[in-house]
Q: 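One structure, pasted below without further comment.
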Amino acid sequence: MLKCKAEELSRKIVNNQLIATDGWLSRWKNRHEIKFKRVHGEKASADESASNDWKMKLNCIITTPDGSLCFKKDVLSGSKKAMYRFTVFLCVNMTGSDKRKLLVEGKSLKPRCFKNMSINKMTVHYHANKNARMTSTIFSNWLYEWDKELQAKSSSILLLIDNCAAYPKNVNSKTSL
């Protein structure tokens, strides 16, 4: 991502065709004393005021599940690795003008983060199962409901999907897609 962004900025700012290679990135990180560090152990739980400070810093730091890019002098505090898993299904047309509601799957029927919200009134379709993964039943139901909407509008589409094992091999005869 850093190499792509550097090439984009080079074109915009100095109208130059920078080719950001791995060597260029390595030298850039050395020049600015930026290093990838892994987070180890468990030092302390995060408090609310610290999380507010991080909201400001997130624009400058690229975070990965196991570590962060940071200045060499910075010390990373260890914390528990997040073990919660969820799956998000996205569907949008080619121009981006028609976006379906996100289809989100998690492990909990009523996650704590939604404690003051009605799941039925959210702007996403939320489902729960023990693995927090897409199932053929959930996908088929989602597809069937969308097909009913399209039939009511007399619309036809071409739906391109990847090869996820949860997608049914044969489309149900009720579904005209």
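Numbers for residues simply follow the sequence, beginning at 1.
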Q: Between Thr135 and Thr137, do the side chains contain an N or O donor and an N or O acceptor separated by less than 3.5 Å?
A: no
Q: Taking only residues two or more places apart in sequence or in another chain, which ones pass salt bridge (charged side-chain N to carboxylate O under 4.0 Å, His left out) with Lys148?
A: Glu145
Q: Say you draw a straight line from NE2 of His125 to NE2 of His127; how long is it, rounded to the nearest 0.5 Å?
A: 7.0 Å
Q: If you define the side chain from C-beta out and look only at heavy atoms, does anything of Val124 sit under 4.5 Å from Val88?
A: no
Q: Does Arg133 have any salt bridge (charged side-chain N to carboxylate O under 4.0 Å, His left out) partners at least two apart in sequence or in another chain, and if so, which?
A: none
Q: Could you check Asn129 against Ile138 for side-chain contact (heavy atoms from CB on, under 4.5 Å), going step by step and ending with a plain yes or no?
A: CA-CA 10 Å; Asn129 64 46; Ile138 293 170; 3.9 Å; yes
Q: Check whether any side-chain heavy atom of Asn131 lies under 4.5 Å from a side-chain heavy atom of Glu105, and answer yes or no.
A: no
Q: Flag yes if Leu103 and Ile161 sit in one hydrophobic cluster, no otherwise; membership is Ile, Leu, Val, Met, Phe, Trp, Tyr, and two members link when side-chain heavy atoms are under 4.5 Å apart.
A: yes
Q: Do Cys91 and Trp146 have side-chain heavy atoms sitting under 4.5 Å apart?
A: yes
Q: Just how far is it from atom OH of Tyr167 to atom CZ of Phe89, taken to the nearest 0.5 Å?
A: 4.5 Å
Q: Does some side-chain heavy atom of Ile19 sit less than 4.5 Å from a side-chain heavy atom of Trp24?
A: no
Q: Could you pull out the closest heavy-atom pair between Ala128 and Ser108, with the gap in Å?
A: CB-O, 3.3 Å
Q: Other residues, nucleotides and ligands only: do more than 12 of their heavy atoms fall within 6.0 Å of CG on Leu109?
A: no
Q: Are Asp22 and Ser26 close enough that a side-chain donor and a side-chain acceptor fall under 3.5 Å?
A: no
Q: OG1/Thr87 to NZ/Lys107 distance, rounded to the nearest 0.5 angstrom?
A: 10.0 Å
Q: One pair to check against side-chain contact (heavy atoms from CB on, under 4.5 Å): Glu7 and Lys12. What are the steps and the verdict?
A: CA-CA 9 Å; Glu7 289 174 353; Lys12 286 182 180 178; over 6 Å; no
Q: If you link ILVMFWY side chains whenever their heavy atoms are less than 4.5 Å apart, which other residues fall into the same cluster as Met94? By chain and number, please.
A: none
Q: Looking at Arg11 and Glu8, does any basic side-chain N land under 4.0 Å from a carboxylate oxygen?
A: no
Q: Looking only at non-hydrogen atoms, find the nearest pair between Glu149 and Arg100 and report the distance.
A: OE1-NH1, 3.1 Å
Q: Enter the distance from Ser156:OG to Gln151:CD here, rounded to the nearest 0.5 Å.
A: 9.0 Å
Q: With a 4.5 Å limit on heavy-atom distance, are the side chains of Asp98 and Val92 in contact?
A: no
